[in-house]
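Next up is a structure, given as structure tokens.
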Amino acid sequence: MNFIEEIIEQDLANGKNESKVHTRFPPEPNGYLHIGHAKSICLNFGIAKKYNGLCNLRFDDTNPVKEDVEYVDSIKEDITWLGFQWAEEHYASDYFDQLYAWAEQLIMDGLAYVDDQSQEEISAGRGVPTKPGIESPYRNRSVEENLDLFRRMKAGEFPDGSKVLRAKIGMTSPNMHMRDPIMYRILHSHHHRTGDKWCIYPMYDYAHGQSDSIEGITHSICTLEFEIHRPLYDWFCEALKIHHPQQIEFARLNINYTVMSKRKLMQLVRDGHVMGWDDPRMPTICGLRRRGYTPASVRNFAETVGIAKRDNIIDVSLLEFCAREDLNKVATRTMAVLDPVKLVIDNFPDDKVEMLNAVNNPENPEAGTREVPFTKELWIERADFREVADKKFYRLTIGGEVRLKYGYIVRCSHVDKDADGNITAIHVTYDPETKSGMPQSNRKVKATIHWVSVAHAKKAEVRLFERLFTSPDPDDCEEGKTFIDYLNPNSLTIQDGWIEEGLTLENAEKHYQFERIGYFCIDKDSTPDKIVFNKTVSLKQ
Ligand code: ATP
Ligand code: MG
């Protein structure tokens with residue numbers, strides 16, 4: 001049980017909130033979700049499920065300048081893909097009327113005032129944590145004047161930046177967020193939902209807690225950077241005498257070799273460093289999906305990482321481990337040769353095509369078997385052969401034996417080379433008695449290698465990925481550099497490979513294991529003529 005669950009179980013035991021649990025996931029629709037958001041989604045939806053409660057999806061859309069319906073749609077798609085269903089879908093902008101009414105109430109209670117100072121004057125007046133700030137010269141306006149000015153702010157009488165509404169709390173708190181924080185700013189800007197109805201918009205701190213309150217949220221879970229905002233969250237709920245959810249903070253998820261802020265991810269997309277938000281190298285949920293991660297692997301990752309109270313950095317290899325674990329269970333096995341060299345079985349009849357039985361998934365008998373054509377000429381991986389081998393090389397060598405997967409044991413006699421000395425064909429003889437099920441089938445050889453029939457194999461495009469950044473912490477830059485300077489120039493390799501002929505788009509599975517290589521999935525760029533594969537992760541670390 002983590003510390004958040006401990007709090008919740010205590011609340012349930014004490015009958016707080018009528019012993020109900022209601023959480024929410026509150027993204028701002030200003031970008032695509034990333035693996036950090038997945039962590040928060042799994043936590044909020046997971047807690048609701050565990051305690052028989054509800055979890056809302058609420059778009060924190062209080063900043064019209066950066067938000068868009070494109071992001072709203074992608075966020076819904078990603079949460080659904082992860083396997084969660086929200087109880088209610090809300091938008092902070094739906095509460096603009098209520099928030100406005102509450103702001104008038106605070107003015108009438110003498111707890112809010114209109115300030116005509118500039119942004120700079122307000123910042124300067126706030127002071128520093130160790131010294132009290134200076135009160136605004138407009139702080140003691142009458143309730144009537146404040147109400148009148150606030151109404152005229154709403155009516156559009158004043159330009160952007162000319163006035164703000166501030167809470168009247170005090171200028172001495174060591175917590176700077178409590179020094180007469182801004183509640184409303186003037187922004188003559190079109191909102192993706194409310195259109196041009198508003199030209200004043202609430203600040204995050206004034207909107208978030210009250211939105212939670214309106215929805216009857218019991219536990220408002222957020223990341224650590226909001227810990228310092230909590231007194232203000234509590235202050236607004238108290239001042240307005242409304243339902244008071246409990247804000248609980250946990251450490252945000254950080255992963256090495258990537259960046260996670262939406263602003264930086266947006267920059268990668270905008271400046272063409274990646275193919276888009278769903279580039280398989282991106283830490284976005286849609287990127288992970290396109291890369292071939294399963295929802296279960298992402299959920300298991302979130303679970304394995306756990307909930308921390310202090311910031312830490314998780315090794316990206318843990319995410320890869322979770323992908324392998326699930327893909328091993330669900331991926332359909334197939335043979336593919338990515339760096340081909342020809343293998344000729346000299347004693348195999350020229351035109352013979354023998355169909356060999358191959359297992360689709362040893363972890364799942366229901367996946368059945370398929371037939372793969374075996375012929376005189378096969379493609380094998382260049383790396384599976386060495387003319388001269390040391391003691392540690394167990395695969396094919398001149399004079400040595402190896403088993404061809406699902407087929408026979410072959411012995412290498414010699415190789416053909418071109419004028420430059422490159423191997424053009426490896427010649428072997430096969431032993432017909434060594435097929436699986438035959439008397440000699442148990443003969444021991446040190447290695448089994450995969451292959452595809454030259455006459456049957458199809459060409460496919462294979463995209464191999466490495467980490468997007470060369471530095472474990474691209475946010476931590478040397479002087480004069482930005483995270484862009486740490487992009488890995490080799491993060492994408494595109495090559496052709498040979499795949500089994502039976503692997504067609506029409507009967508494509510979601511996830512494949514290219515035997516002995518790794519896990520792959522079919523990319524959306526595929527055409528009937530050429531399937532494109534993304535490498536999700538290699539078989540072993
Ligand atoms: P970013 O800093 O990446 O732009 P954000 O915090 O501004 O993200 P929001 O849309 O406001 O993004 O986040 C929605 C929810 O997801 C918030 O509750 C936030 O705390 C949580 N969240 C964001 N990033 C992470 C993370 N790395 N780990 C865990 N939770 C996160
Ligand atoms: Mg945010």
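Computed from heavy atoms alone, side chains included, the values below leave out hydrogens, waters and symmetry copies. Just so you know, ligand 1 is whichever comes first in the structure, and atom 1 is the first atom listed for that ligand. Being a predicted model, the structure only gives us computed values, none of them experimental.
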Open item on the list: Show the atoms of ligand 1 that are less than 4.0 angstrom away from any heavy atom in S261.
Closed with: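 Numbered from 1, ligand 1 contributes 3 (O).
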
Task: Y32 and E70: side chain donor to acceptor below 3.5 Å - done: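 A donor-acceptor contact under 3.5 Å links the two side chains.
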
Open item on the list: Using a 6.0 Å distance limit plus a 45 degree cone around the ring axis, check whether K154 lies over the aromatic ring of Y100.
Closed with: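 Yes, a cation-pi geometry holds between K154 and Y100.
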
Open item on the list: Do D326 and T294 pair up side chain to side chain, a donor and an acceptor below 3.5 Å, judged on atom types alone?
Closed with: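 Side chains of D326 and T294: pair found under 3.5 Å.
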
TODO: Give yes or no for whether the N/O distance cutoff of 3.5 Å, strictly under, is met between F250 and ligand 1.
DONE: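 In this structure, F250 places no N or O atom under 3.5 Å from an N or O of ligand 1.
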
Task: Short side-chain donor-acceptor distance under 3.5 Å, Q513 and Y519 - done: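 The criterion, which ignores hydrogens and geometry beyond distance, is satisfied for Q513 and Y519.
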
Open item on the list: I need the atoms of ligand 1 closer than 4.0 Å to a non-hydrogen atom of T223, numbered in the order shown.
Closed with: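 That gives atoms 19 (C), 20 (O), 29 (C), 30 (N), 31 (C) of ligand 1.
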
TODO: Could you tell me if any non-hydrogen atom of H34 lies under 4.0 Å from any atom of ligand 1?
DONE: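 Heavy atoms of H34 do come under 4.0 Å of ligand 1.
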
TODO: Select the closest option to atom 30 (N) of ligand 1 among P26, S220, G36, judged by heavy-atom distance.
DONE: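 Residue with the shortest heavy-atom distance to the ligand atom: G36.
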
- [ ] Please confirm whether L253 comes within less than 3.5 Å of ligand 1 when only nitrogen or oxygen atoms on both sides are compared.
- [x]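 Yes, at least one N or O pair falls under 3.5 Å.
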
Task: Residue that, paired with N361, satisfies side chain to side chain donor-acceptor pair (under 3.5 Å) out of K329, E509, R333 - done: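 The option that passes is R333.
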
Task: Among T284, T536, D278, the one residue meeting side chain to side chain donor-acceptor pair (under 3.5 Å) with R290 - done: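 Running side chain to side chain donor-acceptor pair (under 3.5 Å) over T284, T536, D278 with R290 returns exactly one hit, D278.
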
Open item on the list: At less than 4.0 angstrom from any non-hydrogen atom of S40, what atoms of ligand 1 do you find?
Closed with: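 Numbered from 1, ligand 1 contributes 16 (O), 21 (C), 30 (N).
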
Task: Proximity winner for atom 13 (O) of ligand 1, if only heavy atoms of E249, K262, H37 are counted - done: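 It is H37 that holds the nearest heavy atom.
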
TODO: Indicate yes or no: does an N/O atom of E225 lie under 3.5 Å from an N/O atom of ligand 1?
DONE: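 In fact, backbone or side chain, E225 has no N or O that close.
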
Task: D11 and H219: side chain donor to acceptor below 3.5 Å - done: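 Looking only at side-chain atoms, H219 and D11 do form a donor-acceptor pair, the distance falling under 3.5 Å.
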
Open item on the list: Check the orientation of F514 and F520. Use parallel for under 30°, tilted for 30 to 60°, and perpendicular for over 60°.
Closed with: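 Rings of F514 and F520: parallel, as their planes differ by under 30°.
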
Task: Heteroatom proximity flag, K39 to ligand 1, N/O under 3.5 Å - done: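 No, since none of the N or O atoms of K39 sits under 3.5 Å from an N or O of ligand 1.
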
Open item on the list: On a heavy-atom basis, I'd like to know which of R263, E28, M266, R252 is closest to atom 6 (O) of ligand 1.
Closed with: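 It is R252 that holds the nearest heavy atom.
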
